[in-house]
Amino acid sequence: MNITKIREDFPILGRTVYGRPLVYLDNAATTQKPRCVVDAITEEYYSVNANVHRGVHFLSQQATELHEAARETVRRFINARSTNEIVFTRGTTESINLLASSFGEACMTEGDEIIVSTMEHHSNIVPWQLLRERRGIVIRVIPMSDDGRLLPDEYERLFNERTRLVCVAHVSNVLGTVNPVRQMIATAHAHGVPVLVDGAQSVPHMAVDVQALDADFYAFSGHKVYGPTGVGVLYGKEKWLDRLPPYQGGGEMIQHVSFERTTFNELPYKFEAGTPDYIGTHALATALDYVSALGMKDIEAYEHELTRYATERLQAIEGMRIFGTTPDKGSVISFLVGDIHHFDLGTLLDRLGIAVRTGHHCAQPLMERLGIEGTVRASFSFYNTREEVDALVAGIERVRKMF
Ligand code: PLP
């Protein structure tokens, strides 16, 4: 991959902060956007914009075609069987809330159980807790080893006749652990239980094939995969989506409405109430085409090597503690240095132009498991370079000497 050339596609990477070149290492929070994605947004607003579906006029039909073509692009990108299985949402969070609401209503009663893992993002915990309040369900948690690996035997032991769903992250946004979701899904299926995979941190970094994984549901966010904010995806096997009731009511999701009775639209529209973010879906498809052209395998290999290099260099810093040390982890490194507070380290790195994230990373139960309050997190993209890793290491050394 020609990183110098790739970086030219991302205008923001050329800017300075506090008079220093920006070193953007907060890609797990959101990724920067290539010019083609921003152009797709402005061009559609300037030359196509009209509300989608049901419109007889030219612009509406053109906007509808772009929107539905985006659904096909997403389908291809994650290798879903049918576009009926691709529901557009606002992001991973809304995808999971949709499922908690619809699956909870159709498939769960008091005393039924779900399994989540220790390393889940709050967005794969709190919707289930809200369901627990409404329905009296039970949440069981897969424990983890100190290096950040979910324990397979403990996982297996959590299943019983009340287990209804497993909800697990493909890649941890804190530890970088790539969970063995394929095996975990096979285990769940052996117990007759479907699985939701939170793919927020996997889809941007590796080729995902929902059929090969045999995932029942798979959620991800557009903005983490170089697309716009405010658009995301819930993949669901057709047999499941067919069974589930709508999430929200309104336009688009109905077939016929009378005051006595309403019938619902076919898949996937049953789950898409109201005007969709059709500009966003087209821009998301543009982003997926962009990363596909780079090649997901090449992206994964490059980021893997960069993370390996960063880990090696960071480990050489005195007092360095890295959280999440499983082999073949994703491109996220969470760490603490000596007794420097993560917030102080992040703030001082920021003054050097280095953008990292600090805090609990929306994973407070994981922080509790690790016995810490928070970490500094550097997360990498294919547009990051070894020089930027060197800048991070030099920055940390500089801060360390101040303390
Ligand atoms: N799940 C994981 C693993 C994440 O890292 C994130 C965001 O950081 C989310 C879910 C929530 O994504 P969003 O805020 O885009 O809905």
Side-chain angles (χ1 to χ4, degrees), residues 24-33 37 74 78 87-101 114 116-130 141-142 144 148 150 166-181 184 195-206 208 213 215 217-235 247 277 280-281 283-284 287-288 303 323-324 326 329-334 355-367 369 374-381:
Y24 186 76
L25 301 178
D26 194 18
N27 295 287
T30 199
T31 49
Q32 299 304 345
K33 315 306 167 198
V37 167
V74 172
I78 59 170
V87 177
F88 284 122
T89 64
R90 286 196 301 121
T92 309
T93 302
E94 189 176 55
S95 297
I96 298 173
N97 276 279
L98 186 167
L99 193 69
S101 170
I114 66 158
V116 302
S117 90
T118 307
M119 62 180 79
E120 296 312 307
H121 188 279
H122 293 165
S123 64
N124 202 17
I125 299 174
V126 183
W128 305 110
Q129 291 176 325
L130 294 175
V141 183
I142 315 165
M144 140 193 134
L150 296 178
V166 172
C167 310
V168 66
H170 198 161
V171 175
S172 160
N173 66 314
V174 177
L175 307 165
T177 309
V178 180
N179 288 315
V181 288
M184 293 177 77
V195 178
L196 158 71
V197 180
D198 172 352
Q201 299 294 343
S202 47
V203 165
H205 303 288
M206 59 174 74
V208 168
L213 294 173
F217 304 100
Y218 201 100
F220 68 94
S221 299
H223 70 98
K224 291 187 198 282
V225 60
Y226 309 94
T229 54
V231 63
V233 172
L234 175 66
Y235 158 82
Y247 170 50
D277 184 358
T281 56
L284 170 60
L288 297 182
E303 291 178 353
F323 299 89
T326 52
K329 57 182 263 186
S331 54
V332 171
I333 306 179
S334 282
V356 291
R357 190 147 291 247
T358 65
H360 54 61
H361 315 296
C362 297
Q364 280 184 318
L366 173 60
M367 294 298 128
R369 164 64 181 84
T375 71
V376 177
R377 181 184 73 185
S379 52
F380 306 100
S381 157

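Predicted, not measured: the structure shown is a model, and the values here were computed from it. Both ligands and their constituent atoms are indexed starting at 1 by order of listing.
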Proximal atoms of ligand 1 relative to [X] (non-hydrogen, under 4.0 Å):
{"X": "Asn173", "answer": "5 (O)"}
{"X": "Gln201", "answer": "3 (C), 4 (C), 5 (O), 8 (O)"}
{"X": "Thr93", "answer": "11 (C), 12 (O), 13 (P), 14 (O), 16 (O)"}
{"X": "Thr92", "answer": "10 (C), 12 (O), 16 (O)"}
{"X": "Ser221", "answer": "12 (O), 13 (P), 15 (O), 16 (O)"}

Checklist entry - Does the pair Val87 and Leu98 meet the rule for a side-chain contact (heavy atoms from CB on, under 4.5 Å), with working shown? => result CA-CA 10 Å; Val87 177; Leu98 186 167; 4.1 Å; yes

Item to check | Identified side chain to side chain donor-acceptor pair (under 3.5 Å) counterpart of Ser221 within the set Thr31, Thr92, Thr93 | outcome: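 Answer after filtering Thr31, Thr92, Thr93: Thr92.
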
Next on the checklist: Tell me the protein heavy atom at minimum distance from atom 7 (C) of ligand 1, and give that distance in Å.
Outcome noted: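 For atom 7 (C) of ligand 1, the nearest protein heavy atom is Lys224 NZ, 2.7 Å.
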
Next on the checklist: Checking a contact table here: which protein heavy atom is nearest atom 4 (C) of ligand 1, and how many Å away?
Outcome noted: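 The closest heavy atom on the protein side is His121 CD2, 3.3 Å.
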
Checklist entry - Where the closest heavy atom to atom 10 (C) of ligand 1 is concerned, which of Ser95, Ala28, Ser123 has it? => result Ser123

Checklist entry - Under a 4.0 Å heavy-atom limit, does Asp198 contact ligand 1 with its side chain, its backbone, both, or neither? => result side chain

Next on the checklist: Any non-hydrogen side-chain atom of His223 less than 4.5 Å from a side-chain atom of Lys33?
Outcome noted: yes

Checklist entry - Is there a side-chain contact between Val356 and Arg377, using heavy atoms and a 4.5 Å cut-off? => result no

Checklist outcome for this item: Exactly one candidate in Asp198, Val181, Thr177, Val203 meets side-chain contact (heavy atoms from CB on, under 4.5 Å) with His170; the answer is Val181

Next on the checklist: Between His122 and His360, does the ring-ring contact (aromatic ring centres under 6.0 Å, His included) criterion hold? Intermediate values first, please.
Outcome noted: CA-CA 10 Å; His122 293 165; His360 54 61; 5.5 Å; yes

Item to check | Worked check of side-chain contact (heavy atoms from CB on, under 4.5 Å) between Phe220 and Thr89 | outcome: CA-CA 9 Å; Phe220 68 94; Thr89 64; over 6 Å; no

Checklist entry - Going by heavy atoms, is His361 under 4.0 Å from ligand 1? => result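 No, His361 has no heavy atoms under 4.0 Å from ligand 1.
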
Checklist entry - Step by step, would you call Tyr247 with Ser95 a side-chain hydrogen bond (donor to acceptor under 3.5 Å, both in side chains)? => result CA-CA 10 Å; Tyr247 170 50; Ser95 297; over 6 Å; no

Checklist entry - N/O to N/O below 3.5 Å, does that happen between Glu94 and ligand 1? => result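 So ligand 1 has no N or O lying under 3.5 Å from an N or O of Glu94.
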
